[in-house]
Number of protein chains: 2
Amino acid sequence: MDNLIDDMLKSNNLSITGSRKKILEIFFSSNGALAHGDIEKRTSEKFDRVTVYRTLQTFLEKGIIHTIPTADNAIRYALCKDSCGEGHHHDNHVHFICSGCNITICLEDVLIPSVRLPFGFVAEEQQMVVKGVCKDCK
Amino acid sequence: MDNLIDDMLKSNNLSITGSRKKILEIFFSSNGALAHGDIEKRTSEKFDRVTVYRTLQTFLEKGIIHTIPTADNAIRYALCKDSCGEGHHHDNHVHFICSGCNITICLEDVLIPSVRLPFGFVAEEQQMVVKGVCKDCK
DNA sequence: CATAACTTTGCAACAGAGTTGCAAATATTT
DNA sequence: AAATATTTGCAACTCTGTTGCAAAGTTATG
Ligand SMILES: [Mn+2]
Ligand SMILES: [Mn+2]
Ligand SMILES: [Zn+2]
Ligand SMILES: [Zn+2]
């Protein structure tokens, strides 16, 4: 496990540091997407807030994590499982937010359907977020 | 026009005040969705920041405006054109964000396609945001 | 494996976003 | 017009996010 994380950092040309390892571990051991605040809580007293911001930014650029837009001004982050890389994300799956337990999860197997846009509009990227009740809260 | 706005407030059981009228006017005269900050700028020096927050909150609850989730932590707000009311929104259309001019618009005519969720998940509400190039920026 | 070169981190200081309580002002009801 | 109810502005505060810079840590090199 520790090796997996090291390799992951290496293959992305990132130096191996305590905070990067810890934050990746948090993502691997979490069963949902995380907001910046969640990560801060879980690294609590270990790293500076600023380091968390910078680490998330770096992971985002490298295609290690992707964002999930929200209507509560708290972007969630989750590991990319698709073939994302530096500068190109391909996370075209639906995200689900449970109104019960508030978990945010990647539905890797549910692809975002394409839509027909009005004349003149060109799509580059789409996001779909479904709110509802998750299988555990039913 | 001024009458339309007054009626709109009345029919929602809201008292008619300067800030509510002004903020509604701003929405009617804008051709895209607005973030809290945009509204603040356009009411500049006229109302307190806090009043803008409270007014948006009220409009949201009454079903006068709806939110558009974003990945930049700046929720956009737009007028509801569907049959939304106190406590129930029905804005099931796609939203488009232009990467050129950054406008955020409601594509009222593009309905969000439904998706098949994994067993056990129940959808209550869905959001779809498409990023790309708008017809004016092409 | 020691040193040099490079990268990341923590800290401090700051700017901006959002919240709350309360008294004054404004709107509605009678 | 007065009484009642609602909304607003202000002050004070908390939380979120950003930047510059020196110190600490990581990687590359011989
Ligand atoms: Mn995802
Ligand atoms: Mn809309
Ligand atoms: Zn749940
Ligand atoms: Zn545009």
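Quick note on labels: first sequence line is chain A, next is B, and so on, each numbered from 1. Values reported hereafter were calculated over all heavy atoms of this structure, with side chains retained and with hydrogens, waters and symmetry mates removed.
Remark: P of D/dG17 and CD of A/Glu40 are 9 Å apart, rounded to the nearest angstrom. Note: CD (A/Gln57) to C1' (D/dT19) measures 14 Å, nearest angstrom. Rounding to whole angstrom units, CD1 of residue B/Ile16 and C1' of D/dA5 are separated by 16 Å. Regarding A/Asn12, its CG atom lies at a distance of 16 Å from the C1' atom of C/dT7, rounded to whole Å. Residue B/Leu9 contributes atom CG, which lies 15 Å from atom C1' of C/dT26 at whole-angstrom precision. Computed from coordinates, the B/Asp48 CG to C/dT26 P distance equals 14 Å when rounded to whole Å. Rounded to a whole Å, the NE2 atom of A/His36 is 16 Å from the P atom of C/dG18. Between the CG atom of A/Leu56 and the P atom of C/dT8 there is a distance of 15 Å, rounded to whole Å.
The phosphate of C/dA17 (OP1 or OP2) has no side-chain N or O of A/Asn73 nearer than 4.0 angstrom. For D/dT8, the OP1/OP2 oxygens have a side-chain nitrogen or oxygen of B/Thr17 closer than 4.0 Å. Remark: A/Thr51 is in phosphate contact with C/dG10, judged by side-chain N or O atoms under 4.0 Å from OP1 or OP2.
Applying the 3.5 Å distance criterion, the base of C/dG10 shares a donor-acceptor pair with the side chain of A/Arg54. In terms of polar N and O atoms assigned as donor or acceptor, the side chain of A/Arg49 comes within less than 3.5 Å of the base of D/dG17 in a complementary pairing.
Aromatic ring pairs are classed by plane angle as parallel below 30°, tilted from 30° to 60° and perpendicular above 60°; the pair B/His90 and B/His88 is tilted.
No side-chain heavy atom of A/His93 sits under 4.5 Å from any side-chain heavy atom of A/Val110. At a threshold of 4.5 Å between non-hydrogen side-chain atoms, the residues A/Ile39 and A/Phe27 count as touching. At a threshold of 4.5 Å between non-hydrogen side-chain atoms, the residues A/His89 and A/Cys80 count as touching. Using a 4.5 Å heavy-atom threshold, the side chains of B/Leu4 and B/Phe28 count as touching.
Residues A/Val50 and B/Phe47 both approach DNA chain D. Their nearest nucleotides, taken by heavy-atom distance, put B/Phe47 toward the 5′ side. For the pair B/Gly37 and B/Gly18, nearest-nucleotide mapping onto DNA chain C gives the more 5' position to B/Gly37.
Residue contacts for B/Lys10: at a heavy-atom cut-off of 4.0 Å it reaches no nucleic acid atom on any strand shown. At a threshold of 4.0 angstrom between heavy atoms, the contacts of A/Arg20 are confined to the sugar-phosphate backbone, with no base atom among them.
The side chain of B/Thr55 approaches D/dT8 more closely than any other nucleotide in the set D/dT6, D/dT8, C/dT9. Residue B/Tyr53 has its side chain nearest to C/dT19 when only C/dG10, C/dT19, C/dT28 are considered.
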